[in-house]
Each structure stands twice: as structure tokens, then as C-alpha cells.
Number of protein chains: 2
Amino acid sequence: MDQPPPQRRRTPDPGAGEVGERVRALRRQRGFSLSHLARLAGVGKATLSGLENGTRNPTLETLYAITAQLGVPLTAVLSGPAHEPVVRGAAVTATLLEVFTEAEATFELYRMRVAPGPGQLSPAHQPGVTEHVTVFSGVLRAGPADAPSTATTGGHLRWVSDVPHSYAALGDEEVQATLLLRYPGRTRLFPNLDGSA
Amino acid sequence: MDQPPPQRRRTPDPGAGEVGERVRALRRQRGFSLSHLARLAGVGKATLSGLENGTRNPTLETLYAITAQLGVPLTAVLSGPAHEPVVRGAAVTATLLEVFTEAEATFELYRMRVAPGPGQLSPAHQPGVTEHVTVFSGVLRAGPADAPSTATTGGHLRWVSDVPHSYAALGDEEVQATLLLRYPGRTRLFPNLDGSA
DNA sequence: ATCCGCTGTTCCGTAAACGGAACGGCGACC
DNA sequence: GGTCGCCGTTCCGTTTACGGAACAGCGGAT
């Protein structure tokens with residue numbers, strides 16, 4: 001016999017609601033009303049309302065029209081692991097955001113999260129490598145293993161990481177931070193991740 | 001007077017055709033036939049065919065179902081790593097790298113370059129917005145217009161940017177930095193009274 | 001008080017993206 | 001030769017995302 005329609009459901013969900021939440025957050029940040037943004041983007045208010053509330057499944061064109069007026073790339077509102085963690089340890093999870101190749105040095109910018117609890121020790125990098133950490137949430141104790149420093153929200157740490165170094169979150173809160181690695185010359189930690197497809 | 005004809009056209013196009021080309025390339029890489037991928041993803045062959053040929057404007061759900069079966073994030077098929085500057089002024093050029101949406105706040109991470117010469121003044125942001133700048137090349141003088149601070153390579157600046165603020169590169173060298181903007185998360189009608197966080 | 005103007009939601013007809021089926025084309029096997 | 005299976009495209013009816021209009025709620029001006 002004919003099968004009934006074979007389960008139109010597809011995937012757990014890309015986070016349909018999350019996209020709407022991000023759009024709404026970005027819109028509010030800019031002080032735009034829903035009506036205003038809809039007019040700017042050339043889409044109906046019903047469309048934007050439904051999108052923000054997760055009751056519609058927008059087309060690429062619609063979503064692009066909106067994010068363009070918000071001044072963000074499409075990828076900024078898409079949920080999910082746009083970038084997969086490239087460094088994962090007991091406490092530290094880092095995601096490569098960007099690679100800057102300059103004349104004198106190469107920079108790798110990571111978003112880093114450090115879970116509360118015992119810290120994590122990382123081996124030495126190549127000579128001349130420096131790390132710059134900007135904490136924007138939580139309290140981080142990090143630096144050379146024999147002389148770490150502490151930074152809280154808004155704080156900044158910097159050290160030469162050609163020696164073993166440690167990361168640890170103080171307190172109960174997960175640490176959110178950005179990590180900037182500076183390599184002299186042009187050697188890269190992850191040569192195949194430059195995304196210059 | 002009446003609205004002018006409502007200009008149904010939106011934007012130059014995010015590269016509708018490009019998305020299709022990338023999907024097709026990824027599919028062929030994996031040795032999948034169109035029919036096979038359509039079946040895997042649970043979408044109609046007509047849908048996938050039209051998408052690859054650029055004659056359809058897919059919904060997020062459709063595109064996600066397909067990219068998931070290709071084993072790539074949605075962003076892999078969207079207009080690539082083309083980050084265009086989103087802020088441009090006399091001295092400052094900034095590129096939005098990432099948006100982090102947290103429970104209490106939203107963060108926008110920029111890569112910023114400040115050209116040597118006269119600085120640039122930026123208007124106040126909304127209340128509660130803070131800026132965190134990490135300098136990794138050059139000498140930057142920035143902060144509230146009436147009380148800027150100076151940071152050199154490896155330095156860090158932080159200020160509340162609900163007042164006009166300025167950026168200027170000291171010396172002849174262009175300043176390279178990362179800029180983290182922190183927006184208080186949900187726009188609350190009443191300020192938080194609990195004082196936590 | 002009434003009126004605005006604006007917010008965001010909901011209703012509704014239209015346009016189009018959707019899945020399924022049918023199509024022509026091609027290679028393998030009988 | 002015919003037949004099968006799969007390829008990718010096209011046709012077609014259904015579903016739904018779309019924009020416009022109407023709606024209730026609210027703050028400010030008169």
C-alpha cells in the first residue's frame with residue numbers, strides 16, 4: 001500500500017526561534033522599532049513580526065534584506081556552530097574567529113570560555129608568541145604557569161607564551177573572553193583554517 | 001502625500017546563485033547525486049534542483065536540511081568570509097567579526113584599524129554600552145571625548161560609551177586593535193534592581 | 001477629555017517555495 | 001534489440017511565506 005507521507009519533519013531544528021531572538025536583539029540595540037526596520041528592509045511588518053517570534057520560516061532573501069539593514073552579516077543571526085571549537089581541554093574551549101596575516105606577524109583571534117573548577121595547563125608555544133586575553137565575563141587567572149595573573153570583567157592579560165601557561169576560572173562563573181595569539185612571522189597554528197576559500 | 005511605489009526590490013542580492021553553486025560543489029565533492037541528497041535531506045528533487053540552479057529562493061529550513069546532510073554549517077554555503085567594513089570614518093575602519101548573544105548582554109566583536117593622523121569622534125551609544133579595546137599594533141588614544149586614555153601594543157582600554165568618544169592613532173603607525181562592544185541584553189523597561197551581575 | 005502617531009500583532013489575498021510525479025536522457029544488463 | 005535503474009529537469013497541485021491592511025494598546029500633544 002501507499003505509504004503515508006514519509007515524515008515531513010527534517011531535523012531537530014536549526015534554532016528557528018534563536019534566529020528570531022537574535023534579530024530582535026540586534027534591532028533593539030539599534031533602537032529600531034519593528035515597523036521601522038520592516039520599512040527599511042522593504043519587508044512586511046507581518047513578515048518581520050513572524051520571523052522574530054519564530055512562527056515563520058524565512059527565505060534567504062528576506063533574512064538577508066533584514067540583516068543588511070542591521071549592518072550585520074547573515075551569519076551573525078544564524079544559530080548553531082558556525083565555528084566549531086578548535087581547542088578543547090578540561091576547562092578551556094576556544095573557537096577561532098579570525099586570522100589576520102600582517103607583514104610582521106600573524107594574529108589569531110579566538111573566543112574563549114573557561115569553565116569553573118580546576119584550571120588547565122597548556123604547553124609552551126613557539127618562541128616569540130604572545131597571548132592577549134580580554135575578559136568580558138567572570139574572573140580569569142591565567143599566564144605563565146609559574147606566575148599567573150588575575151583579571152576580572154573588562155580586564156586584560158598579556159604574556160609571552162613560549163613557556164607552559166595556565167588558565168583557570170576563579171569563582172563559580174564561567175569566564176568569557178577573547179584570546180589574541182600573536183605569532184612572529186607567518187607560521188600558523190592551524191594552516192588549513194584560514195578560510196580563504 | 002501617498003507613499004511612492006513601494007520599491008519591491010531590496011538589495012543587490014546576497015549571491016543567490018552563489019549559494020546554489022556552493023551546494024552543488026559540496027554535493028559533487030561527496031559523490032552524491034541530486035536525487036540522493038534530496039532524499040537524504042527530506043526535500044523534493046525539484047527544490048534542490050531549483051536551489052542549485054539559482055531559480056529558487058530557499059527558506060532557512062530547506063537550506064539547513066541540505067547543508068546538514070552535507071556535513072557543513074549553514075554559513076559554509078552563504079556568501080563566504082567576505083567581511084565588509086561596517087563602520088567607516090575618517091580614521092576608523094571596523095569590521096564586525098562576531099556577535100555573541102548571552103543571557104545578560106550581547107557582544108559585538110570588531111576588528112578595528114585606526115589610520116594615523118587626526119582622530120575621529122563617535123557619538124554616544126545607548127546607556128549601558130561599554131567598549132573594550134585591545135591594541136595589538138601601534139599606539140591608540142581613545143575613550144570618552146573629555147578623558148581619553150592611551151594604550152600601546154598589548155594594552156587595553158575600557159570605557160562606558162554612552163557619551164561621545166574619540167579614537168586617534170598616535171605616531172605614524174596604523175593602529176590595529178580589536179573592539180568589543182557590550183550591550184546590556186534584554187532591553188529592560190526598568191533597570192535591574194537586584195544588583196547581581 | 002479627544003485625537004494623533006506609533007508600537008507590535010493578526011487577518012487575508014497573492015505569489016512562490018514546497019514535495020511528488022512525470023519527463024527525456026543515459027549507461028548497464030539481459 | 002528491449003528493459004531496467006538512476007540521473008537531473010520540468011510540470012503541477014498544495015502549502016506557506018509574502019506584503020498590505022486592519023487591529024488593539026499606549027504615550028504625547030492639543
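Note on naming: letters A, B, ... go to the chains in the order of the sequence lines (proteins, then strands), and numbering restarts at 1 for each one. No experiment lies behind these values; they were computed from the predicted model shown.
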note: A:Leu37, atom CG; D:dG19, atom C1'; distance rounded to Å ~ 15 Å
With sequence neighbours left out, the residues meeting side-chain contact (heavy atoms from CB on, under 4.5 Å) with A:Thr55 are A:Asn53
Of B:Arg158, B:His165, B:Arg182, the one forming a side chain to side chain donor-acceptor pair (under 3.5 Å) with B:Glu131 is B:His165
From CG of A:Leu40 across to P of D:dG19 the rounded distance in Å is 14 Å
By nearest-heavy-atom nucleotide on DNA chain D, the more 5' of A:Thr55 and B:Ser33 is B:Ser33
**Asked** Can any side-chain N or O of B:Thr67 pair as donor or acceptor with the backbone N or O of B:Leu63 at less than 3.5 Å?
**Response** yes
Tell me whether B:Asn57 contacts the main-chain N or O of A:Thr59 through its side chain, where contact means a donor paired with an acceptor under 3.5 Å.
no
B:Leu51 CG to C:dA17 P, in whole Å, measures 11 Å
Between CD of A:Glu61 and P of D:dC18 the distance, given in whole Å, is 9 Å
d(A:His36 NE2, A:Leu40 CG) to nearest 0.5 Å is 4.0 Å
- Item | Distance below 4.0 Å between A:Thr59 side-chain N/O and C:dA16 OP1 or OP2 | no
When rounded to whole Å, the NE2 to C1' distance for the pair B:His36 and D:dC6 reads 12 Å
From CZ of A:Arg39 across to P of D:dG20 the rounded distance in Å is 12 Å
* Asked: For D:dA17, does either OP1 or OP2 sit under 4.0 Å from a side-chain N or O belonging to A:Thr62?
  -> no
- Taking C-beta and beyond as the side chain, do B:Trp159 and B:Val133 meet within less than 4.5 Å on heavy atoms? yes
C:dT7 phosphate, OP1 or OP2, under 4.0 Å from A:Arg28 side-chain N/O: no
In terms of heavy-atom contacts, A:Ser137 and A:Glu173 come closest through OG-OE2, 3.0 Å
Where do N or O atoms of nucleotides 9-14 of chain D meet protein N or O atoms at under 3.5 Å, pair by pair?
unit_1: D:dT9; atom_1: OP1; unit_2: B:Asn53; atom_2: ND2; d: 3.3
unit_1: D:dT9; atom_1: OP2; unit_2: B:Ser49; atom_2: OG; d: 2.8

When rounded to whole Å, the CG to C1' distance for the pair B:Leu48 and C:dC18 reads 13 Å
Rounded to whole Å, the CG-P distance (B:Asn57 to D:dG19) equals 11 Å
